[in-house]
Peer 1: 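Have a look at this one.
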Protein chains: 2
Amino acid sequence: MSESQDPKWVYLFHEGSAGMKPLLGGKGAGLAEMSNADLPVPPGFTITTEACRAYYAGDKLFPEGMWTQSKNALLQIEQEAGKRFGDAEKPLLVSVRSGAPISMPGMMDTVLNLGLNNETTEALANWIGDERFAWDAYRRFLQMFGEIVLHVPSERFDYALDRMKELASAQHDYELTVEQLKRLTVRFKDIIFGEVRQEVPDDPENQLRLAIAAVFDSWMNKRSIDYRRLNNIPNDIGTAVSVQTMVFGNIGEDSGTGVAFTRNPGTGEPILYGEFLPRAQGEDVVAGKRTPMPILELQSSMPAVFEQLQTVAQRLEQHYHDMQDIEFTVEQGKLWMLQTRTGKRAGKAALRIAVDMMSEGVISREEAVLRVDPDHIEQLLHPIVDPDSTFEVLAEGLAASPGAASGRVVFNADDAEAWSLEGEPVILVRQETNPDDFNGMVAARAVVTARGGVTSHAAVVARGMGKCCVVGCSELQIDYQNQLFTTNGVKITQGDWITVDGNNGLVINGRVSTIEPELDDDYHKFMTWADEFRRLRVRANADTPNDARAARRLGAQGIGLCRTEHMFFQDDRITIMRDMIMAPNAVARAEALEKLEPMQTSDFEGIFEAMDGYPVTIRLLDPPLHEFLPAYDQTALEITELKLRLRLAPDLETINGLLKQITAKERILAQVERLHESNPMLGHRGCRLGIVYPEITEMQARAIFTAAIHCQERGISVSPEVMIPLVAIDKEFELQAEIVHRIADEVFRKYGTTLEYKVGTMIELPRAALTADEIAQTAEFFSFGTNDLTQTTLGLSRDDSGRFLPGYVGRGILPHDPFRTIDIGGVGQLVEIAVDRGKTARQDIKIGICGEHGGDPISVNFFHNTGLDYVSCSAFRVPIARLAAAHAALKSQAEQA
Amino acid sequence: MSESQDPKWVYLFHEGSAGMKPLLGGKGAGLAEMSNADLPVPPGFTITTEACRAYYAGDKLFPEGMWTQSKNALLQIEQEAGKRFGDAEKPLLVSVRSGAPISMPGMMDTVLNLGLNNETTEALANWIGDERFAWDAYRRFLQMFGEIVLHVPSERFDYALDRMKELASAQHDYELTVEQLKRLTVRFKDIIFGEVRQEVPDDPENQLRLAIAAVFDSWMNKRSIDYRRLNNIPNDIGTAVSVQTMVFGNIGEDSGTGVAFTRNPGTGEPILYGEFLPRAQGEDVVAGKRTPMPILELQSSMPAVFEQLQTVAQRLEQHYHDMQDIEFTVEQGKLWMLQTRTGKRAGKAALRIAVDMMSEGVISREEAVLRVDPDHIEQLLHPIVDPDSTFEVLAEGLAASPGAASGRVVFNADDAEAWSLEGEPVILVRQETNPDDFNGMVAARAVVTARGGVTSHAAVVARGMGKCCVVGCSELQIDYQNQLFTTNGVKITQGDWITVDGNNGLVINGRVSTIEPELDDDYHKFMTWADEFRRLRVRANADTPNDARAARRLGAQGIGLCRTEHMFFQDDRITIMRDMIMAPNAVARAEALEKLEPMQTSDFEGIFEAMDGYPVTIRLLDPPLHEFLPAYDQTALEITELKLRLRLAPDLETINGLLKQITAKERILAQVERLHESNPMLGHRGCRLGIVYPEITEMQARAIFTAAIHCQERGISVSPEVMIPLVAIDKEFELQAEIVHRIADEVFRKYGTTLEYKVGTMIELPRAALTADEIAQTAEFFSFGTNDLTQTTLGLSRDDSGRFLPGYVGRGILPHDPFRTIDIGGVGQLVEIAVDRGKTARQDIKIGICGEHGGDPISVNFFHNTGLDYVSCSAFRVPIARLAAAHAALKSQAEQA
């Protein structure tokens with residue numbers, strides 16, 4: 001069979017390109033791309049993944065023609081390199097490396113320094129002028145080949161090496177003499193033959209053939225198979241094999257090796273950043289025995305090389321249109337590129353690089369916007385722990401709300417408030433938080449909980465405040481009674497200093513310096529670009545005028561969720577709220593509601609004012625009423641205490657006073673018991689409250705419209721959107737909407753004026769999504785409450801899932817925490833169904849999302865594709881959502897093009 | 001315009017038929033049908049609903065031609081009746097009644113005795129020979145016409161009547177003399193003219209015209225509109241008006257009036273059953289001043305009439321193919337039928353009538369099957385409260401599990417067990433039940449709870465046992481401390497007798513006699529017929545060998561749901577189960593599981609044996625582990641008590657003993673606290689347990705396959721189906737199924753044999769339904785857990801919804817309690833989606849349902865139409881489901897035909 005009839009199994013680097021990743025693997029395609037860009041890459045070739053698949057299909061034999069093609073390619077390399085494989089003067093050495101289309105770091109095998117035998121080792125020694133190096137390279141080659149190609153247990157080599165060091169009284173490998181190294185090569189050969197009755201071939205071609213087969217084989221080793229199963233990588237894509245000329249950075253003073261970024265990855269400053277170690281190979285840098293020099297010093301010590309490097313860096317950036325992270329070797333004054341990849345960078349650098357490269361004309365505005373990750377923006381908005389500091393981590397938890405803060409530990413909300421009033425920076429540490437802790441959270445610089453997930457109460461409220469928070473630190477053993485916590489043997493008592501890193505979910509011992517955020521001109525310029533491209537509008541979830549103002553400063557285009565219940569938790573109000581709940585009849589209830597109304601009205605006015613010109617979506621009362629009552633256990637305890645005091649009461653007056661208190665508390669206790677629910681998440685809440693107590697809906701509607709009219713009279717442009725929560729059935733919505741419209745008419749009549757408003761609903765239950773067409777008959781807008789929709793669709797309580805959900809993500813049962821990134825396969829289907837049916841029933845229905853997912857980039861991308869009108873998220877995630885929305889728009893444009 | 005060009009607005013009874021209900025209304029169509037069947041119906045005609053609609057469309061004027069057609073119809077009636085409207089000798093009197101296509105009882109108006117004036121009243125008096133009756137009829141006509149047609153307030157007439165009685169020193173209306181009645185007619189006329197400046201026309205035609213218009217008008221009175229809104233009846237269908245000759249049962253000794261069933265509605269015995277009152281009109285029967293005679297006595301007292309009646313009854317049954325409930329009047333020896341409708345009947349009667357009529361050739365076998373309602377079957381299966389007894393209802397609740405039982409009240413499970421062992425019949429009364437109450441429920445004759453809905457723990461468990469149960473008796477104030485409950489002022493203490501009516505949801509004071517069920521030949525014959533028609537197979541939910549045997553006796557074709565956790569609640573087992581939960585490590589856990597395994601194995605053997613030849617679906621452990629631990633409050637209390645005893649401990653030994661107990665209990669308490677969940681329904685349960693603790697899945701699988709092999713070796717035919725609960729994600733299922741298959745292989749290897757089995761999943765979360773295609777890649781069967789699917793789809797906790805769900809159904813927000821009858825519009829969509837996607841992915845997938853809805857007829861009909869293979873329900877609902885499945889099959893056949 002003539003060669004030309006065989007498939008092309010082998011590509012010289014020059015014949016490939018970055019786009020051929022499926023065929024050449026990631027490494028092969030990258031080397032090809034650099035070669036074609038005329039960058040100095042040690043010559044080589046890549047055997048395709050197709051060849052690997054054919055190898056497995058055909059009883060693990062090289063497919064017809066592959067070996068011949070490989071040898072031909074080798075010939076070309078020899079010519080390019082000016083060295084010959086197995087040559088006794090200037091021997092060519094090569095490496096054989098795996099490279100799958102999808103990166104599987106460390107899973108498969110690599111063999112270096114192929115081409116060495118006794119003869120070529122001598123030649124190498126002569127040529128480099130370093131015998132020790134040459135024999136050590138040979139010794140390493142034998143060991144690597146023995147282990148990987150011939151499957152000799154590595155302990156055998158380690159043992160022999162240790163014995164030799166003992167004999168030589170050497171502590172380190174590099175103390176061995178050339179003679180000892182030579183003896184070791186002999187010993188290694190004996191070991192190999194003894195173990196597997198096979199010899200390492202002296203013939204370089206035979207070495208190469210066996211090494212290629214071994215790399216193919218490593219595709220199916222247990223480690224790789226497990227890794228692929230875990231990461232959902234198909235088994236049948238196969239790996240490519242790259243064969244590349246070895247270069248040496250340790251041949252004389254004009255050689256060396258280095259790593260560098262083409263720009264500063266911390267700040268974005270457009271100058272080379274990295275290190276160089278003269279007369280060294282990559283592994284010497286890793287070993288860390290010599291201190292490398294800053295790369296800029298090359299400018300004086302090796303000006304020619306530095307110039308080469310700068311040119312190459314520029315060419316790389318021009319070619320890849322991005323900042324690069326490179327590895328290179330200088331062999332006798334000549335620069336060789338070993339690897340280039342897009343450089344990881346800090347948020348600040350990402351922003352500056354994007355803006356600079358756009359100014360330099362390297363990238364377009366679209367590319368600049370796509371170049372900055374939403375996570376980068378997040379870094380800019382919050383303090384971070386000084387990366388140069390050292391510290392002791394007390395516990396790891398979930399990074400629930402970003403930022404970093406130091407403070408003194410307190411264990412309850414009252415202490416937090418009291419200490420804070422005295423000017424003490426405090427960190428509130430709780431088992432978990434509930435609405436009673438609200439004031440403590442306001443007072444604290446950061447919040448830590450031992451329980452709960454990223455959408456637990458603590459997490460949601462902290463994110464809403466833009467406050468640093470770490471939750472689910474299950475290692476913390478909190479002892480409220482003694483006001484301390486222990487973790488991994490360390491005991492922290494009230495008043496001790498800790499630092500919380502909400503970016504990485506760390507609780508750190510003591511005070512650690514933090515760096516404050518700073519939004520510069522680059523940021524503002526960049527965000528303007530991003531805003532130009534996005535279609536999704538971005539609103540904020542905000543419950544108070546303060547939050548609303550902060551949200552607007554961060555670019556929010558309205559409020560997507562104003563949770564009215566948070567207004568009830570302030571001290572003077574919770575008492576009235578409790579009166580309302582304890583009311584024995586509708587009259588008493590109406591009385592309490594009447595007291596609450598002006599408070600709500602004034603809050604709404606503040607929010608409307610802050611959002612002048614933008615819509616404000618106000619959700620009617622949502623949580624079950626028992627959330628406003630004190631906890632059962634606590635009240636029972638208080639009653640017991642009062643009863644004990646009764647025993648010691650000195651006079652009748654005290655007794656009467658105590659009895660009165662006891663009676664009052666017992667009434668509350670009875671009500672708490674009556675309102676107790678087994679599953680409050682699925683209980684008497686949302687619009688179910690308004691249906692049983694229409695007077696609550698009436699009061700809230702009256703407050704909204706009164707506030708809106710007041711604002712309108714002051715020249716503020718208001719667009720209230722009244723949102724009915726937890727609707728499952730169209731009639732629930734109709735009944736509540738009827739009340740809202742009636743009250744609106746009443747208020748309009750009273751003031752002799754009118755205004756535009758909408759009444760819509762949360763879509764947060766599967767049934768609402770499935771019957772969205774029915775609900776859209778009367779609902780003028782939808783807002784997806786994806787938190788609750790996730791809980792009900794997956795049957796997964798966000799408060800309780802902490803015990804197993806991390807394991808689910810860890811084991812790949814779910815790709816992400818579904819409370820952080822929307823579960824596209826499940827919850828996403830319901831979103832699509834609801835959008836589709838809602839629009840069918842009402843073409844101009846406005847649809848948004850106000851769950852936690854509104855600030856998550858992957859989710860924002862999904863919402864863009866689903867055709868939503870806006871996303872709404874915590875104020876402090878608004879810039880992230882803005883950028884994510886721009887990315888989504890650009891990506892879908894690109895896909896359509 | 002010639003008459004023939006007008007639409008036909010008026011139909012003589014002879015011109016209509018039963019099928020013309022939309023046009024003639026229910027009453028008109030019924031009278032037409034009887035007339036056409038040549039039954040003796042007083043002649044009359046019906047004005048169509050179309051005329052009513054035209055009346056409203058045209059400014060409330062009679063449509064062109066309607067009045068002329070009515071007068072022509074009246075002429076025909078006069079001829080038929082041999083009387084004339086307004087005649088001074090034999091005057092024809094008519095009634096004018098409304099009759100909409102959909103029954104709206106009591107909502108619209110009726111005017112009787114039209115045709116009376118001074119002259120015709122005298123004529124009537126002469127003809128009947130009863131002046132008092134004639135003038136009283138006129139007086140009543142004036143009052144009715146005044147109120148309904150002329151809108152005079154009824155109080156005005158009542159006041160005048162009372163004044164007249166005062167003057168006459170009369171206590172009752174009938175004590176008034178003819179002279180006084182005459183004066184009253186004059187007074188009534190004055191009142192009417194004084195109020196509305198209008199007179200009741202003397203001209204009968206004018207009376208008729210005005211009365212017809214008034215009945216049309218009553219279609220739009222507030223009462224009717226409200227009723228239609230509440231019952232979802234459209235406003236635009238309109239009402240028909242029937243004008244019919246009046247007949248009198250009080251003209252002499254050969255007249256009378258009666259009501260009868262064509263067969264005994266209690267027993268089904270095929271003889272007339274009813275009452276007759278000679279010389280009387282319908283209203284006299286209602287007034288109840290004279291005692292009517294049993295209808296069979298007519299045989300001797302009025303043999304000719306009795307014969308007529310029997311003939312008519314037979315003709316009616318032949319015509320309607322069903323037992324009829326009739327009203328009739330005998331006027332001077334002639335029988336007149338006033339109404340016939342299908343007669344309501346008790347379960348026993350329904351069955352006998354169906355079987356008899358089929359034997360008589362009146363109905364086909366299909367009709368016989370359709371004729372018996374599943375509710376009728378339910379009555380046959382459970383004791384009922386003797387309908388002839390009188391009793392005092394203490395409280396009403398939800399009829400959670402049918403039956404009736406008397407017993408002595410106890411307030412906890414231990415008392416229930418102890419008393420029952422001493423031979424006392426007990427009723428367990430609890431706030432709500434939990435798994436700890438299981439033994440008490442076994443011991444009790446009936447269970448009553450103050451809280452919870454029809455799918456609460458008490459309800460589900462009681463239904464499973466076929467035990468009478470009433471839940472959600474919110475009127476009960478239970479005082480555990482003093483062992484009593486109060487309700488509506490009555491106090492019931494421990495040991496008092498009460499009776500529970502689970503058919504009607506009543507708690508009754510004292511002992512009331514009950515009637516035991518009896519399944520006769522008719523029942524068995526009938527059920528065989530039903531089984532012939534159904535396509536759905538019917539399985540039972542059963543957790544023990546006993547339950548399985550009972551289920552099979554009732555016709556179950558396998559077990560659709562065996563809840564393994566119920567096996568763990570028995571006394572010796574719960575201790576081991578707790579050891580398992582408290583295990584500090586996997587080894588200790590494995591040890592506890594090893595102890596449980598033989599117990600599970602032996603239970604499974606018993607169940608397989610009972611179901612020899614049928615499949616048994618076993619669900620792996622489902623509830624969260626904390627359900628197996630004692631309640632927090634109780635344990636905390638016990639610890640406090642132990643600590644108090646510690647203070648008084650006399651010696652060191654006692655102290656040490658107490659300390660040991662305290663330590664043990666505190667460990668439990670800590671675990672209870674650790675396992676506490678905010679929303680256990682959405683918590684760490686179902687397959688999430690098996691994923692975190694695979695050793696539980698392994699133990700259960702081993703028990704299942706060991707039991708199956710043991711049985712197979714004994715010649716029993718076993719088909720185990722292992723069911724993984726609460727799957728939301730395909731990978732959850734895959735991981736669990738992998739374990740089950742592995743263990744099956746192990747067991748098969750151990751015994752050197754094998755057997756057929758399936759591994760499948762519950763579909764009980766919206767996400768599972770939406771991703772059914774993915775899950776069906778590996779799952780071999782689906783079983784809908786519609787209880788949990790309803791909870792998650794509607795976001796509605798069945799345990800907590802009692803406070804507002806009844807109001808939802810009452811106000812028409814939901815058509816049914818969604819935990820009793822499946823919510824077709826919401827949950828039903830998910831069922832359809834899952835069936836569709838499941839079958840697409842795996843054509844031969846077996847699909848059933850094992851939620852509570854499996855025994856609900858409406859739901860069974862839905863499941864039939866959705867293409868499920870089987871339904872599974874409580875054993876005691878199996879016959880109901882069998883019949884419902886037959887109905888569903890017959891109905892869908894009929895629809896397709």
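Just so it is clear, the structure is predicted and the values come from calculations on it, not from any experiment. Proteins come first, then strands; the chains are lettered A, B, ... in the order of their sequence lines, and each starts at number 1.
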Peer 1: Can you tell which part of Thr793(A) gets under 4.5 Å to a heavy atom of chain B, answering side chain, backbone, both or neither?
Peer 2: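 Both backbone and side chain of Thr793(A) come within 4.5 Å of chain B.
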Peer 1: Minimum heavy-atom separation for Leu765(B) and Gly795(A), please, with both atom names.
Peer 2: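 Closest heavy-atom pair between Leu765(B) and Gly795(A): CD2-CA, 3.6 Å.
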Peer 1: If you tally heavy-atom pairs under 4.5 Å against chain A, which of Ser801(B), Ala636(B), Pro680(B) wins?
Peer 2: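 Winner by heavy-atom pair count: Pro680(B).
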Peer 1: So which part of Ile691(A) gets closer than 4.5 Å to some heavy atom of chain B, the side chain, the backbone, both or neither?
Peer 2: both
Peer 1: Examine whether an atom of Gln829(A) lies under 4.5 Å from a heavy atom of chain B, and if so say whether it belongs to the side chain, the backbone or both; otherwise answer neither.
Peer 2: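 The side chain, not the backbone.
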Peer 1: If you count heavy-atom pairs under 4.5 Å between each of Arg811(B), Gln791(B), Glu764(B), Glu774(B) and chain A, which one has the most?
Peer 2: Arg811(B)
Peer 1: Can you tell which of Arg451(B), Arg688(B), Glu677(B) has the highest number of heavy-atom pairs within less than 4.5 Å of chain A?
Peer 2: Arg688(B)
Peer 1: Do Leu735(B) and Ile813(A) have side chains that get closer than 4.5 Å, going by heavy atoms?
Peer 2: yes
Peer 1: Can you tell me how far apart CZ (Arg798(B)) and OG (Ser678(A)) are? Round to the nearest 0.5 Å.
Peer 2: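 Here the rounded value is 10.0 Å.
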Peer 1: Can you tell me how far apart CZ (Arg767(B)) and OG1 (Thr792(A)) are? Round to the nearest 0.5 Å.
Peer 2: 13.0 Å
Peer 1: Asp730(B) versus chain A, heavy atoms under 4.5 Å apart: side chain, backbone, both or neither?
Peer 2: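 For Asp730(B), no heavy atom lies under 4.5 Å from chain A.
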Peer 1: Under 4.5 Å, counting heavy-atom pairs only, tell me which of Val827(A), Asp800(A), Leu726(A), Leu805(A) racks up the most with chain B.
Peer 2: Asp800(A)
Peer 1: Kindly indicate whether the side chain of Ile833(A), heavy atoms from C-beta on, has any atom under 4.5 Å from the side chain of Leu770(B).
Peer 2: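 Result yes, sub-4.5 Å side-chain heavy-atom pair found.
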Peer 1: Is there a donor-acceptor pair closer than 3.5 Å between any side-chain N or O of Asn679(A) and the backbone N or O of Met681(B)?
Peer 2: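 Flag set: sc Asn679(A) to bb Met681(B) pair under 3.5 Å.
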Peer 1: Checking Ile729(A) against chain B: side chain, backbone, both or neither under 4.5 Å from a heavy atom?
Peer 2: side chain
Peer 1: Need one label for Leu789(A): side chain, backbone, both or neither, based on atoms under 4.5 Å from any heavy atom in chain B.
Peer 2: neither
Peer 1: Hey, is the main chain of Gly812(A) close enough, under 3.5 Å, to the side chain of Lys731(B) for a donor-acceptor pair?
Peer 2: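 Yes.
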Peer 1: Tell me, out of Leu830(B), Leu675(B), Thr771(B), who's got the most heavy-atom pairs with chain A below 4.5 Å.
Peer 2: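 Counting heavy-atom pairs under 4.5 Å, the top option is Leu675(B).
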Peer 1: Which region of Asp788(A), side chain (C-beta onward) or backbone (N, CA, C, O), has a non-hydrogen atom less than 4.5 Å from a non-hydrogen atom of chain B, or is it both or neither?
Peer 2: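 Contact with chain B involves no heavy atom of Asp788(A) at all.
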Peer 1: Using side chain to side chain contact (heavy atoms under 4.5 Å, CB included) as the criterion, list what pairs up with His676(A), not counting sequence neighbours.
Peer 2: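 With sequence neighbours excluded, His676(A) shows a side chain to side chain contact (heavy atoms under 4.5 Å, CB included) to no residue whatsoever.
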Peer 1: Name all pairs fulfilling the ring-ring contact (aromatic ring centres under 6.0 Å, His included) condition that reach into residues 786-818 of chain B, sequence neighbours left out, sorted by first residue then second.
Peer 2: His684(A)-Phe804(B), Phe804(B)-Tyr808(B)
Peer 1: Side chain from CB out, backbone as N, CA, C, O: work out which of these in Arg685(A) comes under 4.5 Å of a heavy atom of chain B, or both, or neither.
Peer 2: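 Arg685(A) has no heavy atom closer than 4.5 Å to chain B.
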Peer 1: Walk me through whether Leu682(B) and Leu682(A) qualify under side chain to side chain contact (heavy atoms under 4.5 Å, CB included).
Peer 2: CA-CA 9 Å; Leu682(B) 310 173; Leu682(A) 311 173; 4.2 Å; yes
Peer 1: With respect to chain A, which residue among Val692(B), Leu814(B), Asp823(B) yields the maximal number of heavy-atom pairs within a distance under 4.5 Å?
Peer 2: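 Among Val692(B), Leu814(B), Asp823(B), the one with the most close pairs to chain A is Asp823(B).
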